[in-house]
Visitor: 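Structure below; questions to follow.
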Protein chains: 2
Amino acid sequence: MALKRRRNRTPSPVCPLSECMTILQGAWTPNIIWYLSEGPRRFSELQSDIPAVSAKVLTARLRDLEAKGVLTRSVRATSPPSVEYDLTPLGRELMPVIQAIVDVGYRLSICARNQNRRKVAQAA
Amino acid sequence: MALKRRRNRTPSPVCPLSECMTILQGAWTPNIIWYLSEGPRRFSELQSDIPAVSAKVLTARLRDLEAKGVLTRSVRATSPPSVEYDLTPLGRELMPVIQAIVDVGYRLSICARNQNRRKVAQAA
DNA sequence: CAGCATCCCACGGGATACTG
DNA sequence: CAGTATCCCGTGGGATGCTG
């Protein structure tokens, strides 16, 4: 940060506010939390909950969230191995946040649509 | 979407929930909204509010948010041109959301730190 | 002042194949 | 079942330089 040799790799400027947002970083993170809100779920269950996500990314996001204390990962050493993910109390506190985003997001998308319509009308 | 020729460019799988999150997409978006919450602000003011952001990105995010109806952009055709950005009512509704994320995020970071300490203790 | 334009890199994420 | 490994691409974003 002090000296920036050419083409600095910009390690992480990130002010405090952005840092907080990293909790919900990753396109699938909110969905994962959402589906876990109904109770603990196994890896494959999450995969069918969110079919579009790849195993790699699902693993990555789950590990991230685990490290952040949003959820817990418990391995059951059964013959077909099974792993269960569950929200921590703290993770559960994210629910209203996500819900709020969904709410406002929905109204914003409607608003944007209307504005587009208006623009089209003006253009005509 | 229907037929996927090899190496599909995966246009945008995005389930509804993720789509809502796109409002807050971009590392600097929450900060921009945050600093606008205290009232309308000019481009250069936002730049000094968030020194780490580049002009390019700031412009990009502002345009995005404008298109989404989160804020308005008003050009004042003065001799030193000045542009003011202001939150829309809808944009202002994002404030509690961001605040909530900050709150939970703060406690999560503390939690993570404690866990690290615990792990270090175990390792020792 | 408030931006575009250009270049270039890092990283998130998809696809596919393989493993304990 | 629940991943890991590899490869590859698109995009977000930083740096620098230029303009109305």
Side-chain angles (χ1 to χ4, degrees), chain A residues 1 3-15 18 21-32 40-66 71-86, chain B residues 1 3-15 18 21-32 40-66 71-86:
Chain A
M1 217 35 163
L3 75 161
K4 47 175 170 182
R5 42 267 205 265
R6 222 178 49 75
R7 194 108 271 154
N8 190 1
R9 56 204 76 278
T10 60
S12 59
V14 195
C15 27
S18 302
M21 279 302 292
T22 62
I23 304 153
L24 293 177
Q25 225 164 49
W28 302 108
T29 306
N31 293 74
I32 293 169
R41 264 178 119 54
R42 311 221 331 256
F43 188 87
S44 55
E45 292 179 316
L46 287 171
Q47 270 197 309
S48 36
D49 286 339
I50 319 168
V53 76
S54 62
K56 182 187 111 176
V57 173
L58 184 52
T59 308
R61 296 284 71 80
L62 286 169
R63 291 288 145 83
D64 283 0
L65 292 171
E66 189 194 1
L71 51 79
T72 58
R73 175 174 182 272
S74 34
V75 185
R76 201 87 32 101
T78 55
S79 86
S82 86
V83 181
E84 242 185 26
Y85 296 92
D86 197 1
Chain B
M1 216 35 163
L3 75 161
K4 47 175 169 183
R5 42 265 206 268
R6 219 178 50 75
R7 193 106 277 153
N8 191 1
R9 58 205 75 277
T10 59
S12 60
V14 193
C15 24
S18 303
M21 279 302 291
T22 63
I23 303 153
L24 294 178
Q25 226 163 47
W28 303 107
T29 307
N31 294 75
I32 294 169
R41 261 176 123 52
R42 311 224 328 255
F43 188 86
S44 57
E45 291 179 318
L46 287 171
Q47 270 196 309
S48 36
D49 287 340
I50 320 169
V53 75
S54 62
K56 183 188 113 177
V57 173
L58 184 53
T59 308
R61 296 284 73 80
L62 286 169
R63 291 289 144 82
D64 283 0
L65 292 172
E66 189 194 0
L71 51 79
T72 58
R73 175 173 182 271
S74 36
V75 185
R76 200 91 28 106
T78 55
S79 88
S82 86
V83 181
E84 241 185 28
Y85 295 91
D86 197 1

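Atom set for the values below is all heavy atoms of this structure, side chains included, hydrogens, waters and symmetry mates excluded. Each chain gets a letter, A, B and so on, in the order its sequence line appears, and its residues count up from 1.
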Visitor: Please state how far atom CZ in A:Arg61 lies from atom P in D:dT4, giving the value in whole angstrom units.
Guide: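 One finds 13 Å between P of D:dT4 and CZ of A:Arg61, rounded.
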
Visitor: Any idea which of C:dG20, D:dG20, C:dG3 is nearest the A:Pro81 side chain?
Guide: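 The answer is C:dG20, which lies nearest to the side chain.
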
Visitor: With rounding to the nearest 0.5 Å, note down the distance linking OG in A:Ser74 to CZ in A:Arg42.
Guide: 11.0 Å

Visitor: How long is the line joining CD of A:Glu66 and P of D:dA2, in whole Å?
Guide: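 Rounded to the whole Å, the gap is 15 Å.
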
Visitor: Can you figure out which of D:dG3, C:dG14, C:dG3 approaches the side chain of B:Phe43 most closely?
Guide: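 Nucleotide nearest to B:Phe43's side chain: C:dG3.
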
Visitor: Measure CG/B:Leu58 against C1'/D:dG13 and give the value in whole Å, please.
Guide: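 It works out to 12 Å between those atoms.
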
Visitor: Given atom CG of A:Asn31 and atom P of C:dG13, what is their separation to the nearest angstrom?
Guide: 11 Å

Visitor: If you only use heavy atoms from C-beta on, which nucleotide in C:dC1, C:dG14, D:dA15 is closest to the side chain of B:Lys56?
Guide: D:dA15

Visitor: Taking atom types as modelled and ignoring hydrogens, do the side chains of B:Arg73 and B:Tyr85 form a donor-acceptor contact shorter than 3.5 angstrom?
Guide: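 Per modelled atom types, B:Arg73 and B:Tyr85 side chains form a pair under 3.5 Å.
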
Visitor: In terms of side-chain heavy atoms of B:Trp28, which of D:dA2, D:dG13, C:dG13 is nearest?
Guide: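 Out of D:dA2, D:dG13, C:dG13, the nucleotide with an atom closest to B:Trp28's side chain is D:dG13.
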
Visitor: Side chain of A:Arg73, heavy atoms from C-beta onward: which of C:dG13, C:dA2, D:dA2 has the nearest atom to it?
Guide: D:dA2

Visitor: If you check the A:Ala55 side chain, which of D:dG3, D:dC1, C:dG14 turns out closest?
Guide: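 Shortest atom-to-atom distance from the side chain points to D:dG3.
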
Visitor: Is the shortest side-chain N/O distance from B:Ser44 to OP1 or OP2 of C:dA2 below 4.0 Å?
Guide: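 Result: yes.
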
Visitor: When the distance from CD of A:Gln47 to C1' of D:dT4 is rounded to whole Å, what number comes out?
Guide: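 From A:Gln47 CD to D:dT4 C1': 13 Å.
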
Visitor: C:dC1, OP1 or OP2 - any side-chain N/O from B:Arg42 closer than 4.0 Å?
Guide: no

Visitor: Check every strand shown and say whether B:Ala60 touches a base, only sugar-phosphate, or nothing at a heavy-atom separation below 4.0 Å.
Guide: nothing

Visitor: The side chain of A:Thr59 is closest to which nucleotide in this list: D:dT4, C:dG14, D:dG13?
Guide: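 My answer, after comparing the listed nucleotides, is D:dT4.
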
Visitor: Nearest to the side chain of A:Arg63, heavy atoms from C-beta on, is which of D:dG14, C:dG13, D:dG3?
Guide: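 The closest nucleotide is D:dG3.
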
Visitor: C:dG12 C1' sits how many Å from A:Leu62 CG, rounded?
Guide: 15 Å

Visitor: To the nearest 0.5 Å, how far apart are CG in A:Leu46 and CZ in A:Arg61?
Guide: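 Atom-to-atom, A:Leu46:CG and A:Arg61:CZ are 14.0 Å apart.
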
Visitor: Round to a whole Å and report the spacing from CG of A:Asp64 to C1' of C:dC11.
Guide: 12 Å

Visitor: Might you work through the side-chain contact (heavy atoms from CB on, under 4.5 Å) test for A:Asp49 and A:Arg41, ending with a clear yes or no?
Guide: CA-CA 10 Å; A:Asp49 286 339; A:Arg41 264 178 119 54; 2.5 Å; yes

Visitor: Applying side-chain hydrogen bond (donor to acceptor under 3.5 Å, both in side chains), can you list everything that pairs with B:Glu84, at least two apart in sequence or on another chain?
Guide: B:Arg76

Visitor: In this structure, how many angstroms lie between the P atom of C:dA2 and the OH atom of B:Tyr85, rounded?
Guide: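 From B:Tyr85 OH to C:dA2 P: 8 Å.
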
